[in-house]
S.K.: 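Take this structure first; my questions come after.
Treat the numbers as computed from the prediction; the structure is a model and nothing was measured.
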Amino acid sequence: MDRHPLSAVFQRSLAEPGQKGTLENRLKRYAGRIHAKTGTLRQASALAGYATARNGELLAFAILVNNHTVPSREAAAAIDEIALVLGGT
């Protein structure tokens with residue numbers, strides 16, 4: 001998708017931390033550096049999108065947690081920790 005002519009439009013359509021939407025209260029420290037789509041089903045949580053590393057490199061990522069036995073908010077917190085590592089590299 002990164003090489004597609006509409007790549008920038010697609011990336012801007014993804015949720016951004018701190019903005020109204022699914023990432024409004026998540027990853028706020030990385031507003032402007034992470035654009036992603038969340039997904040949640042019973043015992044499954046996901047976050048997929050793009051992170052801009054500190055060196056400017058654009059990273060595509062997908063983090064999926066399946067069959068978790070903790071509350072969804074705890075699974076989301078673990079996913080966010082992984083995303084923060086990507087955004088902080």
S.K.: With rounding to the nearest 0.5 Å, note down the distance linking CG in Leu86 to CD in Glu81.
M.R.: 11.5 Å
S.K.: Minimum heavy-atom separation for Pro17 to Ala31, with atom names?
M.R.: O-CB, 3.4 Å
S.K.: Give me the atom names and distance for the closest heavy-atom approach of Thr22 to Ala15.
M.R.: OG1-CB, 3.6 Å
S.K.: When rounded to the nearest 0.5 angstrom, what distance separates OG in Ser45 from CD1 in Ile63?
M.R.: 11.5 Å
S.K.: Nearest 0.5 Å, what's the CD1-CZ distance between Ile34 and Arg29?
M.R.: 10.0 Å
S.K.: For the CD atom of Gln11 and the CG atom of Leu6, what is their distance to the nearest 0.5 Å?
M.R.: 11.5 Å
S.K.: Measuring only between side-chain heavy atoms, which start at C-beta, is Ser13 closer than 4.5 Å to Phe10?
M.R.: yes
S.K.: Out of curiosity, does Leu23 fall in the hydrophobic cluster containing Ile82 (side-chain heavy atoms, cut-off under 4.5 Å, transitive links)?
M.R.: yes
S.K.: Given side chains that start at C-beta, do those of Leu14 and Tyr50 come closer than 4.5 Å, heavy atoms only?
M.R.: yes
S.K.: Please give me the minimum heavy-atom distance between Glu57 and Asn55, naming the atom from each residue.
M.R.: N-OD1, 2.9 Å
S.K.: Could you check if a side-chain atom of Val65 sits within less than 4.5 angstrom of a side-chain atom of Ile79, using non-hydrogen atoms only?
M.R.: yes
S.K.: Check Ala83 against Leu27 and note the closest heavy-atom contact, atom names and distance.
M.R.: CB-CD2, 4.1 Å
S.K.: Do Glu16 side-chain atoms and Gly32 backbone N/O form a donor-acceptor pair below 3.5 Å?
M.R.: yes
S.K.: State, yes or no, whether a side-chain contact exists between Thr52 and His35 at a heavy-atom distance under 4.5 Å.
M.R.: no
S.K.: Report yes if the side chains of Leu47 and Phe61 come closer than 4.5 Å at any heavy-atom pair, otherwise no.
M.R.: yes
S.K.: Do Arg26 and Thr38 have side-chain heavy atoms sitting under 4.5 Å apart?
M.R.: yes
S.K.: Distance check, rounded to the nearest 0.5 Å: Thr40 atom OG1 versus Arg73 atom CZ?
M.R.: 13.0 Å
